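Data block below; observations after.
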Amino acid sequence: MPLARRSLLTALAVGSTGAAVACAPATAEGTPAAGTRAAAAAARRLLPRHWRQFSFRTAGDSDTFTVSGGAGRLRVTGGTPGTQLTGLNWYLRHVADADVNWAGEQLDLPRTLPGVPGGTPVTRRADVPHRFALNDTNDGYTGPYHDWSYWERELDVLALHGYNEVLVTVGADALYHRVFQEFGYGEQELRAWLPGPAHQPWWLLQNLSAFPTFREPVSRRLLDARAVLGRRIADRLRELGMVPVLPGYFGTVPPGFADRNPGARTVPQGTWMGFARPDWLDPRTDLFARVAAAFYREQEELFGDSTRYKMDLLHEGGTAGDVPVGEAAKGVERALRRARPDAVWVILGWQHNPPRAILDAVASGGPDGSSGKERLLVVDGLSDRLPTVTDREADWGGVPYAFGSIWNFGGHTTLGANTPDWARLYDTWRSREGSALRGIALLPEAADNNPAAFALFSELPWREREGEGELDLKAWFAQWARSRYGAYDAHAEAAWDVLRRTAYGTTRADSWSEGADGLFGARPSLTARRAASWSPKELRYDAREFERALVELLKVRPGLRESSAYRRDLLDVARQCLSNRSRTLLPRIRKAYEARDVKAFDAASGDWLSLMDLLERLLTTDSAHLLGRWVAEARAWGADDAERDRLRYDALSLLTVWGTRQGADAGLRDYANREWAGLVGGLYRLRWSRYFTELRAALREGRAPAAVDWYALEERWTRAPGHLATRPAGDVHRIATEVRDRLRATA
């Protein structure tokens, strides 16, 4: 047995904490024996003071829960532990006025929990079987170096919100590392081909490989630890009765594969944003079948099997060469079917993906004449983005699809979502004749943000629809304000009504699904209109009206201000108000500069920098908004100082330069901009301060401003960012009050 496999199996057996980790074969949906124990264990983790007041019972199907019982003696019944937890969440939100979210929680519960109103059991059934969660980019933009403590809670929260299919890509690097040692590659050269965890999602999408951009190989220790974590994630999903959606094999190979494997036929994929793309192995060939068989065999040993596999052929500019796309799809599907006869191929709906040739080839069915449509599921990332998307049945030939939303790109901290489209389109598309809508797909590029959007989108399949008609957003946001903070409060309700009509009242009519990012994170320019190259250029709602939400949130009565939910929302709204002001202040700076008015320029640019300083202090109050936490998590995975520094750069570069100078110039730089403490007060302030200093000197000296090599500055900072706080400091209510007063003074 190769050394790499021995060390990995040892790691899998022992686990990252020294505790035993089961490696026995696992099924995709777990076992009945897991049953109520898994739900009860999750309830204990989530409600340590109240979990004993709940009992769980496994009965019925996996899409239905029932909540019943009196005070202090609640029963939740469902077909899986995950569905039981969805019932628990319904009770918390609608009976106990509580909220558990991936961004803040409020659990100010009485000692004895109230019974179900009227004593009548409440039953809810999801109207679609597929509730899919997490974008392919999630492990990069959300937290590539999160540990099990993070993932354990994240999976609990996804189960609470009704999801039953979760994308799991952690550890895929270890899988490829094992597989290709069977095809002529040394373990060290494979480690040099694999990117670090922050950039791994794009390697899995066949967009890039590590060399030559990242020249130091990842360590075997890191691969082993990620395999352990990936297995724990997959096993926990099975315990909860949820399905781990694993990467499938569609042809990615290391460099020189055809030279080492006679008979192999590969298609070069060129470059993507300055990165060398991996070659593509022709799926029609016997050698592809051999590699795929090894892939699924090793994957089962490492992570167990599944019934859902995620694959996207020729993603964002990939080329098929002279390989017919339909024939390639048949080869990919045939290899999957041999290894996993009951598998469903999950494909992202994005840009021109999936090509109709792929869908038609797979949907044509097998030799027995059966339809292949049910072997596919498209998770649509454009449902709420483009007004031209009106008939997915025609677009995709009746292939089942999930209504999806990408309200966030790159991890931007922007608030908002096209909730009117969700309310109007989901039920309309699902209920029309011949509908192929079979699910929802939660697809923000980064998770753990926009808590109201997360809660609302997750509820779409679980609403009681008889006599309700279209989702009443005004009523929903009013109820959200109550459960989010623990009781009715007129100011909380007023704040969320403002947010409903502004940031959460946008629609896809303008062909955007996300909000505009702020300009503090933009590379300096007097004509900047966005920070990320593919973000909206204009704010999509009235900024002045939005600021009323901050005024109302600050007036919420003191007894409802203690939860992390309130503190998170207050920070988010105050942050967004400051961010929005960057769009009105920059034109003032430009006007002063073009008028050669040094005094006015100094005043306006000084206001800009002081707003950034205020924003930095606001962000420092919350650990989830600390860049230092992001860096510390990355360094914690390193075995020595050299590896810790490499992992820090891997994590930081994703948020700044992203990769190569060529890629940065092509649009990747600041793609993942976010208003975090350490970024705002670090790189972003450094850039704008440098820029204003040069513009002022140019005004004084009557010359054109000198050009700045921004990439060089950004790269230097990314390599050596200096001290970054890892612990929050300050009172968010006090600083948010300063924000309100500052905005009033500069209105």
Side-chain angles (χ1 to χ4, degrees), residues 273 385-387 406-418 445-446 502-503 505-547 575-595 600-601 604-605 607-609 611-612 615 655-658 663-676 679-680 683-692 694-695 698 704-705 707-711 713-714 743 746-747:
M273 299 292 182
R385 184 180 181 94
L386 300 178
I406 307 178
W407 69 64
N408 166 283
F409 286 79
H412 303 159
T413 39
T414 309
L415 281 181
N418 292 345
E445 285 198 338
T502 54
T506 57
T507 73
R508 64 181 192 157
D510 59 1
S511 297
W512 293 106
S513 60
E514 73 275 24
D517 52 13
L519 301 184
F520 293 131
R523 186 179 278 185
S525 166
L526 291 178
T527 59
R529 298 176 66 187
R530 55 190 175 187
S533 296
W534 295 286
S535 289
K537 294 181 180 179
E538 308 291 343
L539 206 60
R540 301 175 61 217
Y541 55 85
D542 185 335
R544 293 293 184 179
E545 176 70 8
F546 180 91
E547 289 178 9
R575 177 204 51 72
Q576 191 68 56
C577 288
L578 287 172
S579 183
N580 291 348
R581 279 296 178 94
S582 67
R583 294 183 169 273
T584 59
L585 185 52
L586 189 60
R588 283 178 46 205
I589 299 172
R590 179 184 179 184
K591 181 180 179 180
Y593 179 79
E594 291 178 344
F601 177 83
S605 60
D607 285 345
W608 178 280
L609 294 177
L611 284 182
M612 293 187 75
L615 177 57
L655 308 185
T656 58
V657 296
W658 213 98
D665 292 343
L668 286 178
R669 53 133 179 106
D670 297 316
Y671 180 89
N673 76 85
R674 52 195 68 185
E675 285 154 348
W676 278 2
L679 270 177
V680 171
L683 175 62
Y684 298 167
R685 197 186 194 284
L686 173 65
R687 289 193 302 200
W688 283 104
S689 179
R690 169 77 177 271
Y691 183 62
F692 292 147
E694 176 55 29
L695 290 185
V708 178
D709 186 343
W710 292 116
Y711 178 84
L713 180 150
E714 293 154 357
L743 295 176
T746 57

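Small disclaimer: the values here were computed from a predicted structure and weren't measured.
Rounding to the nearest 0.5 angstrom, the gap separating the CG atom in Leu615 from the CZ atom in Phe520 is 6.5 Å. Considering CG of Leu526 and OH of Tyr593, their distance stands at 7.0 Å, rounded to 0.5 Å. Atom-to-atom distance recorded for Asn673:CG and Thr414:OG1 is 7.5 Å, nearest 0.5 angstrom. To the nearest 0.5 angstrom, Asp510 atom CG is 10.5 Å from Leu386 atom CG. With rounding to the nearest 0.5 Å, the separation of CG in Leu713 from CG in Leu686 is 4.5 Å. Summarising the geometry, atom OG1 belonging to Thr502 is positioned 10.5 Å from atom CD belonging to Glu547; distances are rounded to the nearest 0.5 Å.
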Given side-chain contact (heavy atoms from CB on, under 4.5 Å), test Arg685 with Val680 step by step and report yes or no.
CA-CA 6 Å; Arg685 197 186 194 284; Val680 171; over 6 Å; no
Give the C-alpha distance, both sets of side-chain angles, the deciding distance and a yes or no for side-chain contact (heavy atoms from CB on, under 4.5 Å) between Phe546 and Leu415.
CA-CA 11 Å; Phe546 180 91; Leu415 281 181; 4.3 Å; yes
Please walk me through it: do Arg669 and Tyr711 pass side-chain contact (heavy atoms from CB on, under 4.5 Å)?
CA-CA 9 Å; Arg669 53 133 179 106; Tyr711 178 84; over 6 Å; no
Before you tell me yes or no, could you show the steps for Trp512 and Thr506 under side-chain contact (heavy atoms from CB on, under 4.5 Å), namely the whole-Å CA-CA distance, both residues' side-chain angles and the distance that decides it to 0.1 Å?
CA-CA 9 Å; Trp512 293 106; Thr506 57; over 6 Å; no
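Ring geometry, Tyr691 versus Trp688: the interplanar angle exceeds 60°, so the pair is classed perpendicular (tilted spans 30 to 60°). The aromatic rings of Tyr671 and His412 are tilted relative to each other, their planes meeting at an angle between 30° and 60°.
Residues Arg540 and Asn418 are in side-chain contact: their nearest non-hydrogen atoms beyond the backbone lie under 4.5 Å apart. Looking only at side-chain heavy atoms (C-beta outward), Trp676 and Leu655 come within less than 4.5 Å of each other. Side-chain contact between Leu578 and Arg581: absent, with no pair of heavy atoms (C-beta onward) separated by less than 4.5 Å. Side-chain contact between Thr746 and Leu611: absent, with no pair of heavy atoms (C-beta onward) separated by less than 4.5 Å. Under the 4.5 Å side-chain criterion, counting only non-hydrogen atoms from C-beta, Arg530 is in contact with Asp517. Under the 4.5 Å side-chain criterion, counting only non-hydrogen atoms from C-beta, Arg583 is in contact with Leu519. Using a 4.5 Å cut-off on side-chain heavy atoms (C-beta onward), Asp607 and Arg588 make contact. Within the 4.5 Å cutoff, side-chain heavy atoms of Ser582 are placed close to those of Trp608.
Under the rule for a side-chain hydrogen bond (donor to acceptor under 3.5 Å, both in side chains), the partners of Ser513 that lie at least two apart in sequence or sit in another chain are Arg385. By the salt bridge (Lys or Arg N to Asp or Glu O under 4.0 Å) test, Glu545 pairs with Arg501, Arg548, sequence neighbours left out. Arg690 is linked by a salt bridge (Lys or Arg N to Asp or Glu O under 4.0 Å) to nothing, counting only residues two or more places apart in sequence or in another chain.
Between Gly410 and Asn408, the shortest heavy-atom distance links the atoms N-OD1, 4.0 Å. Taking every heavy atom of both residues into account, Arg523 and Trp710 meet most closely at NE-CB, 3.4 Å. When every heavy atom of Ala704 is checked against every heavy atom of Ala698, the shortest pair comes out as C-CB, 4.1 Å. The two residues Ser511 and Pro387 come nearest to each other via the heavy atoms OG-CD, 3.4 Å.
Applying side-chain contact (heavy atoms from CB on, under 4.5 Å) to Glu694 and the options Ser689, Pro524, Pro705 leaves one that passes, Pro705.
Listed for the Asp670 side chain is no donor-acceptor partner under 3.5 Å among the backbone atoms of Ala531. A donor-acceptor pair is defined here as one N or O able to donate and one able to accept, closer than 3.5 Å; no such pair exists between the side chain of Ser579 and the backbone of Arg575. Of the possible donor and acceptor atoms, one in the side chain of Arg674 sits under 3.5 Å from a partner among the backbone N and O of Ala672. Looking only at distances, a side-chain donor or acceptor of Thr413 sits under 3.5 Å from a matching main-chain atom of Glu675. Of the possible donor and acceptor atoms, none in the side chain of Glu514 sits under 3.5 Å from a partner among the backbone N and O of Phe409.
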